[in-house]
Amino acid sequence: MMQASAIVIAIVSALATQANTPGSKPGPYPLPTVQTVASSDGEIVRTFFIDGYGNQAGVVAFMRRPGEEPRVEVRTAAGGTLATAVPLDTWERVRSAAALFDRTLAPVPNKDGPSICLDPWSVSVEAVDPARPGRPAAIRKAVQSACDTGLAVPLAFELAREAVAALPACALLNARQYRNDVTRLAGCTLLEGDRAAAALARNAYGSDWFATTRGDRTEYAIRQLFFDQARIDWAGTTAEGSAAAAKIWSSQLENASIFLRHIIGETADRVRIEGVIVRFTDNHTTQAPVTMVWTKENGFGFRVRSVTVSAEEPAR
């Protein structure tokens, strides 16, 4: 466990170091350095996330620049961005929570013997405390794996929770459909147009078995997610009605995966979801664009009004 933890900590430390190198742009994160923030009399509390497989998972930053109101900015590993001003009480909570994250905790004897921790998330947290009379601006940093004890990981995920709460459409996303608030924020970057409507449609899409069908075994479980007069066109195979549409969807999607690209709220009652269906076989991988229209009609929540899937082609 210690060796794996050390490797991940090295990765997240390198990421944070690169972000703080003047002029550098690490991956999808063009961010100001903490030195730049400090020299401009600004304040920031920022965390970089690395998931349990060593992949960059995103950045959440709360900051306050001179002459501007506090704000939160989110950057995802895929390059998505979210940003908004935050209330003063949110900023004060973040500052208070970050007061001690860089402290080292006293070791606690493990009375239960050795423990095993696999695939932990890791974080790199940094903060700029503003200059005060008789005290220069201070830059504080801490790196921690979730397998280890410390205050950086709890603070990092608290920042993610505060970011979700500060972004109304993100807060509408069903938390149970995401691993944590970091992946929830990443999912929120897919929302466009009427983002509140898009979030509610995304929740319906995330209902049990809809995107993870098991053929005939899940056909009945997802039938209620299709409008009574729903129409589906799967590469020329067509059907109308909730039962027929659910049957084609369940059978065709079995052993395939959907990767969402855009969730567009066209009106308060109509959302278009675009993505790619990818099918993995022993020798090759195919993909096909999919467009779903979800609507709210007749007093129901969002249901599928239409589905269009193009012919599968070899994945590029």
message: If we ignore hydrogens and angles and just use 3.5 Å, is the side chain of Glu162 paired with the main-chain N or O of Ala166 as donor and acceptor?
response: no

task: Kindly say whether the aromatic ring centers of Tyr205 and Phe302 come within a distance under 6.0 Å.
output: no

- request: Using atom types as modelled and distance alone, determine if a side-chain donor or acceptor of Arg195 lies under 3.5 Å from a backbone N or O of Thr189.
  value: no

query: Do the side chains of Glu73 and Thr81 get nearer than 4.5 Å, heavy atoms only?
result: no

message: Distance check, rounded to the nearest 0.5 Å: Arg64 atom CZ versus Asp41 atom CG?
response: 13.0 Å

message: Do Leu173 and Cys188 have side chains that approach each other closer than 4.5 Å (heavy atoms only, starting at C-beta)?
response: yes

query: For the hydrophobic clusters of this structure (ILVMFWY residues joined by side-chain heavy atoms under 4.5 Å, transitively), does one cluster hold both Trp209 and Trp234?
result: yes

- request: For salt bridge (Lys or Arg N to Asp or Glu O under 4.0 Å), just list the numbers for Asp129 and Arg95, CA-CA rounded to whole Å, side-chain angles, deciding distance to a tenth of an Å, and then say yes or no.
  value: CA-CA 9 Å; Asp129 301 329; Arg95 287 187 61 200; over 6 Å; no

query: If you take all heavy atoms of Ala57 and Asp51, which pair is closest and at what distance?
result: CB-N, 4.1 Å

query: What about Met292 and Ile248, same hydrophobic cluster or not, with Ile/Leu/Val/Met/Phe/Trp/Tyr joined at side-chain heavy-atom distances under 4.5 Å?
result: yes

field: Contact summary for Ala163 and Phe62, nearest pair of heavy atoms
entry: N-CZ, 3.7 Å

- request: Quick one: pull up CD in Glu126 and OG1 in Thr47 and give me the separation to the nearest 0.5 Å.
  value: 8.5 Å

message: When you compare the side chain of Phe210 with that of Phe226, does any pair of heavy atoms fall below 4.5 Å?
response: yes

message: With a 6.0 Å cut-off (strictly less than), is the heavy-atom count around CZ of Arg261, excluding the residue itself, greater than 12?
response: yes

Ala199 to Ala169 - nearest heavy-atom pair and separation: CB-O, 3.6 Å

message: Is there a continuous path of hydrophobic side-chain contacts, each under 4.5 Å between heavy atoms, that joins Leu88 to Val45?
response: yes

task: With rounding to the nearest 0.5 Å, note down the distance linking CG in Asp102 to CG in Leu100.
output: 7.5 Å

- prompt: Is the side chain of Thr183 donor-acceptor paired with the backbone N or O of Arg179 at a distance under 3.5 Å, no angle test?
  reply: yes

message: Just so I know, are the side chains of Gln229 and Glu240 near enough to count as touching, which here means a heavy-atom distance under 4.5 Å?
response: no

task: Under the side chain to side chain contact (heavy atoms under 4.5 Å, CB included) rule, what do Val164 and Arg161 come out as? Steps first, then yes or no, please.
output: CA-CA 5 Å; Val164 169; Arg161 285 192 296 272; 5.8 Å; no

query: Taking Arg184 for the side chain and Gln177 for the main chain, is one N or O donor matched with an acceptor at less than 3.5 Å?
result: no

Neighbour count above 12 (heavy atom, 6.0 Å) for Arg176 CZ: no

message: Hydrophobic clusters here meaning ILVMFWY residues chained together by side-chain heavy-atom distances under 4.5 Å, can you tell me if Val60 and Trp121 are in one?
response: yes

query: What is the minimum heavy-atom distance between Cys170 and Leu82, and which atoms define it?
result: SG-CD1, 3.9 Å

Residue pair Leu185, Phe49: steps toward the side chain to side chain contact (heavy atoms under 4.5 Å, CB included) verdict: CA-CA 12 Å; Leu185 287 167; Phe49 291 92; over 6 Å; no

- request: Check whether any side-chain N or O of Thr213 sits under 3.5 Å from a backbone N or O of Ser250 as a donor-acceptor pair, and report yes or no.
  value: yes

task: Take Ile50 and Gln56 through the side chain to side chain contact (heavy atoms under 4.5 Å, CB included) test and state the conclusion after the steps.
output: CA-CA 5 Å; Ile50 299 293; Gln56 299 179 21; 4.1 Å; yes

message: Show the nearest heavy-atom pair for residues Gly150 and Pro154, with the distance to one decimal.
response: O-CD, 3.6 Å

Compile the donor-acceptor pairs under 3.5 Å between side chains in residues 264-272 and protein atoms, sequence neighbours left out, one pair per line.
unit_1: Glu266; atom_1: OE1; unit_2: Arg270; atom_2: NE; d: 2.7
unit_1: Glu266; atom_1: OE2; unit_2: Arg272; atom_2: NH1; d: 2.0
unit_1: Thr267; atom_1: OG1; unit_2: Asp269; atom_2: N; d: 3.1
unit_1: Thr267; atom_1: OG1; unit_2: Arg270; atom_2: N; d: 3.1
unit_1: Arg272; atom_1: NE; unit_2: Glu274; atom_2: OE2; d: 2.8
unit_1: Arg272; atom_1: NH2; unit_2: Glu274; atom_2: OE2; d: 3.4

- prompt: What is the distance from atom CZ of Arg223 to atom CZ of Arg303, rounded to the nearest 0.5 Å?
  reply: 13.0 Å

message: Rounded to the nearest 0.5 Å, what separates atom CG in Leu159 from atom CZ in Arg93?
response: 11.5 Å

- prompt: Is Val304 close to Ile232 at the side-chain level, that is, under 4.5 Å between some pair of heavy atoms?
  reply: no

Transitive ILVMFWY side-chain link Tyr178 to Leu172, under 4.5 Å: no

task: Give a yes or no answer on whether the side chain of Arg217 reaches the backbone of Arg214 with a donor-acceptor pair at less than 3.5 Å.
output: yes

message: Testing the basics here: between Glu219 and Ala243, what is the closest heavy-atom pair and its distance to 0.1 Å?
response: OE2-O, 4.2 Å

field: Distance (rounded to the nearest 0.5 Å) between Leu225 CG and Asp208 CG
entry: 9.5 Å

query: Can you tell me if Arg65 uses its side chain to pair, donor with acceptor, with the backbone of Val37 under 3.5 Å?
result: no

query: Where the side chain of Asn203 meets the backbone of Asn174, is there a donor-acceptor pair that is under 3.5 Å apart?
result: yes

For residues 293-300, run the donor-acceptor check on the side chains, cut-off 3.5 Å, and write out each pair with its distance to 0.1 Å, sequence neighbours left out.
unit_1: Thr295; atom_1: OG1; unit_2: Glu297; atom_2: OE2; d: 2.7
unit_1: Glu297; atom_1: OE2; unit_2: Arg305; atom_2: NE; d: 2.8

- prompt: Does any non-hydrogen side-chain atom of Val108 lie less than 4.5 Å from one of Thr149?
  reply: no

- prompt: Judged by atom type as modelled, is there a donor-acceptor pair below 3.5 Å linking the side chain of Ser251 to the main-chain atoms of Lys247?
  reply: yes

task: Report yes if the side chains of Arg140 and Phe101 come closer than 4.5 Å at any heavy-atom pair, otherwise no.
output: yes

query: Does atom CG of Asp216 have more than 12 heavy-atom neighbours, drawn from other residues, nucleotides or ligands, at distances under 6.0 Å?
result: no

query: Is any side-chain heavy atom of Val125 less than 4.5 Å from a side-chain heavy atom of Gln144?
result: no

Side-chain donor/acceptor of Thr33 to backbone N/O of Thr36, under 3.5 Å: yes

- prompt: Should we say atom CZ of Phe280 is surrounded by more than 12 heavy atoms from elsewhere, each under 6.0 Å from it?
  reply: yes

task: Just do the side chain to side chain contact (heavy atoms under 4.5 Å, CB included) check on Val307 and Val290 with the steps written out, would you?
output: CA-CA 7 Å; Val307 178; Val290 56; 4.2 Å; yes

